[in-house]
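Heads up: the structure comes next, in structure tokens.
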Amino acid sequence: MTPTRSKRPSALDRNLQPAAPFNSPPERGYPPMRMSKLLLKTLREAPSEAELASHKLILRAGLAAPLAAGLYCFTPVGWRVIRRIEAIIREEMDRSGAQEVHLPALHPIETWEQTGRAEAMGQTLFRLADRKERGFVLGPTHEEVMAFLAARAIQSYRDLPVTLYQIQTKFRDEPRPRGGLVRLREFTMKDAYSFDTGWDTLDASYDAAFAAYQRIFERAGLPVIPVAADSGAIGGKDSQEFIFLTEDGEDEVLLCPGCGYAANGEKADFRRPPALEAVPAAMEKVATPGIKTIPDLAAFLKVEPRQTNKAVFYRADGKPVFVCIRGDLDVNEIKLKNTLKARDLDPLDEAAVRAAGLVAGSASAVGLSGMLIVADPSAVEATNLVAGANEDGFHLLNTNHGRDWKADVVADIALARRGDACATCGTALETRHGMEMGHVFKLGTIYSEPIGVYYLDEAGERRPVVMGSYGIGVERMLAAIIEANHDSNGIIWPASVAPYDVHVVALNLDQAAVLDAVAALELSLAEAGLSVLIDDRDESAGIKFKDADLLGIPYRVTVSPRALDRGGLELRNRRTGETEIVAAGEVVTRVRG
RNA sequence: CGGGGUGUAGCUCAGCCUGGCAGAGCGCUGCGUUUGGGACGCAGAGGCCCACAGUUCAAAUCUGUGCACCCCGACCA
């Protein structure tokens, strides 16, 4: 651990009046922060709990400290970064025409019951009761409450459209917080909600939010790509995610190098490989001793996987479901869940499989009854598929949908994989990992109706307001910015979100020339409105340089006898590593670029 | 909730098999020497060895049960 403050007054304190006289009103750069006073502990080694680069660097640079799983305390330096990210978000949201409000984090449970989400969110909701035993939740998001607020203010089509947003703490009892600031139980979200008279104007509100998001991420130095997304538990129709591509991301996205199609793996569309052409033949039972899997079956019978019908069993909201898909494809559980409009979807456990009379490894929909059968078009359209005989060790050749079995529901439930053909252009899809930074949804009326957000249109008719919802995770953005901007020595902040603009490293503060130069520099930087961190600690040069690299402030200015002898101060660019001696008066212009 | 891993000083970790005084490096405090890439000397401080229960003359160490944290899967910003 490196000391960042000292009980002893630093040479600067001894020799300079604190807070040099300053005539202009306080701005961002005033007063400069001295490291001898700053609450900051940097670590030489990262705690063993950290694996992600951002997690390690957040802990090593002392930006935040864990209180418990998914809960972090921010230190002054870390908090400055958070505030700068929020400032960018705020500026761009305002620019897009959105209006900022502030809502309670504590919500009466009834609000959540009105939309059915008290149950839909399930365990994720933090619940509590007041002294009178009235139920409350800590808001995991704010569609309901924002709709409540909108309902008071919106009566007429003349009140629309309007977009409201807030930057607020959200609480989610996540099954697994992880990755430092990537997935928290308490986190800050910028959440915006648009209110429109109809779907056509919603498109404009959605586009405005979308454009604001692109500017926000660009300004923050975070490369993201928009991808088509599933709308998940929030509900709604069109939806896109802004994904930061990184190996360590928890989401998988499919990208088409041909036409640019991009989608979350949960949502991705693709062109299924064609089925083998054949004339329907008579069904025939064959012995397949010990064969349980599609690859084994295909090898044993010398057929291709696409000539087989795969059976998978799930439990959807308690009810067993039998799922068929062609053997060369996999089930996309999110698509299946949406098809079934199910709240919970789990693989059926072994006991339930037996209880339902299913023969795992030899199951098929042929002769099956008493269970919902869902099939992907691939299984329905193909002819002469090999399927289970519902008898251990036997399969059926030449089964055909319509003749031998019938699906209750036919829907796209196939999982897109690397190499599958793009639905639009046929190019082989690629997969990448990514982190979801923001998510935009077209909600429609699923919240406005139950909460009662209605307006009177020009004809005097009462209509539900059409809503959109737009979220950005602030701490996650900070983590991703570090993932995208660091090297082996530490963080490399984009200038737009850096905790300070300039890091002044003062060496040999016992020398009057250095002291004078620091004092003059401090003033000129402050006057220029630049925010400054000055390392005035009684530490060795090595420690100061290491800490400067770790903290990652864009410019480092070294004030030392050596530099002064060469006619100025040493200016170093953290990102490029370029170092040069510049005259004291030039620092401000150089830093401003 | 399923699978894996880890809990010993502020941090990184030894010690645990094979029970017997609580350890190292870094950091921290004081004094001194240092000052361009995590310096050096001397002297110090710092521990409910995650918790509880058991086995034992004796438990950081063996057994059991919890809990916490991390990682992999199901959720989301």
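Just so you know, these numbers use all the heavy atoms, side chains as well, and skip hydrogens, waters and symmetry mates. Just so we're on the same page: letters track the sequence lines, and every chain starts at 1.
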Considering only atom [atom1], compute the distance from [N] to [M] and round it to an integer number of Å.
N     : M     : atom1 : value
B:G47 : B:U8  : C1'   : 8 Å
B:C67 : B:A51 : C1'   : 7 Å
B:U56 : B:U18 : C1'   : 16 Å
B:A43 : B:U61 : P     : 34 Å
B:C48 : B:A9  : P     : 9 Å
B:A60 : B:G54 : P     : 15 Å

[X] has an atom [atom1]; how far is it from atom [atom2] of [N], in whole Å?
X      : N     : atom1 : atom2 : answer
A:L59  : B:G10 : CG    : P     : 17 Å
A:R183 : B:G73 : CZ    : P     : 11 Å
A:R117 : B:C75 : CZ    : C1'   : 13 Å
A:E266 : B:C76 : CD    : P     : 8 Å
A:F242 : B:A77 : CZ    : P     : 13 Å
A:E436 : B:C75 : CD    : C1'   : 11 Å
A:Q123 : B:C76 : CD    : P     : 14 Å
A:L181 : B:C76 : CG    : P     : 21 Å

Choose from [options] the nucleotide whose nearest atom is closest to any side-chain atom of [X].
X      : options             : answer
A:F545 : B:U35, B:C75, B:G37 : B:G37
A:R172 : B:U34, B:A77, B:C75 : B:A77
A:P175 : B:U34, B:C75, B:G37 : B:C75

Checklist entry - If only atom types and distance count, is the side chain of A:W79 paired as donor or acceptor with the main-chain N or O of A:L63 below 3.5 Å? => result no
Checklist entry - Counting only N and O atoms by type, is there a donor-acceptor contact under 3.5 Å from the side chain of A:K267 to the main-chain atoms of A:K335? => result no
Checklist entry - How would you label the contact of A:E333 with the nucleic acid (heavy atoms, under 4.0 Å): base, sugar-phosphate, or nothing? => result nothing
Checklist entry - Hey, does A:D191 reach any base, or is it just sugar-phosphate, or nothing, if we go heavy atoms under 4.0 Å? => result nothing
With the criterion being N/O to N/O and under 3.5 Å, what pairs connect the protein with nucleotides 68-71 of chain B, and how long is each?
| unit_1 | atom_1 | unit_2 | atom_2 | d |
| --- | --- | --- | --- | --- |
| B:C69 | OP1 | A:A69 | N | 2.9 |
| B:C70 | O3' | A:E49 | O | 3.4 |
| B:C71 | OP1 | A:G179 | N | 3.3 |

Checklist outcome for this item: Applying the 3.5 Å cut-off to both distances, the Watson-Crick or G-U partner of B:C40 turns out to be B:G32
Next on the checklist: When you measure from the side-chain N and O atoms of A:T124 to the phosphate of B:C75, is any distance below 4.0 Å, counting only OP1 and OP2?
Outcome noted: no
Item to check | Phosphate contact (B:C11 OP1 or OP2) by A:R44 side-chain N/O below 4.0 Å | outcome: no
Item to check | Contacts of A:K319 that satisfy salt bridge (Lys or Arg N to Asp or Glu O under 4.0 Å) - sequence neighbours left out | outcome: none
Checklist entry - With A:E174, which residues qualify under salt bridge (Lys or Arg N to Asp or Glu O under 4.0 Å), at least two apart? => result A:R183
Applying side-chain hydrogen bond (donor to acceptor under 3.5 Å, both in side chains), can you list everything that pairs with [X], at least two apart in sequence or on another chain?
X      : answer
A:N264 : A:E241
A:K170 : A:H142, A:D191
A:R590 : A:E580

Next on the checklist: With nearest nucleotide decided by heavy atoms, which residue, A:E45 or A:R572, maps closer to the 5′ end of RNA chain B?
Outcome noted: A:E45
Checklist entry - Which residue, A:N264 or A:R60, contacts RNA chain B at a nucleotide closer to its 5' end, judged by nearest heavy atom? => result A:R60
Checklist entry - Any N or O donor-acceptor pair linking the side chain of A:R556 to the base of B:G37 at under 3.5 Å? => result yes
Checklist entry - Mind checking whether A:F441 and A:H439 have parallel, tilted or perpendicular rings, split at 30° and 60°? => result parallel
Checklist entry - Looking at A:Y500, does the NZ or CZ of A:R80 lie under 6.0 angstrom from its six-membered ring centre and within 45 degrees of the ring axis? => result yes
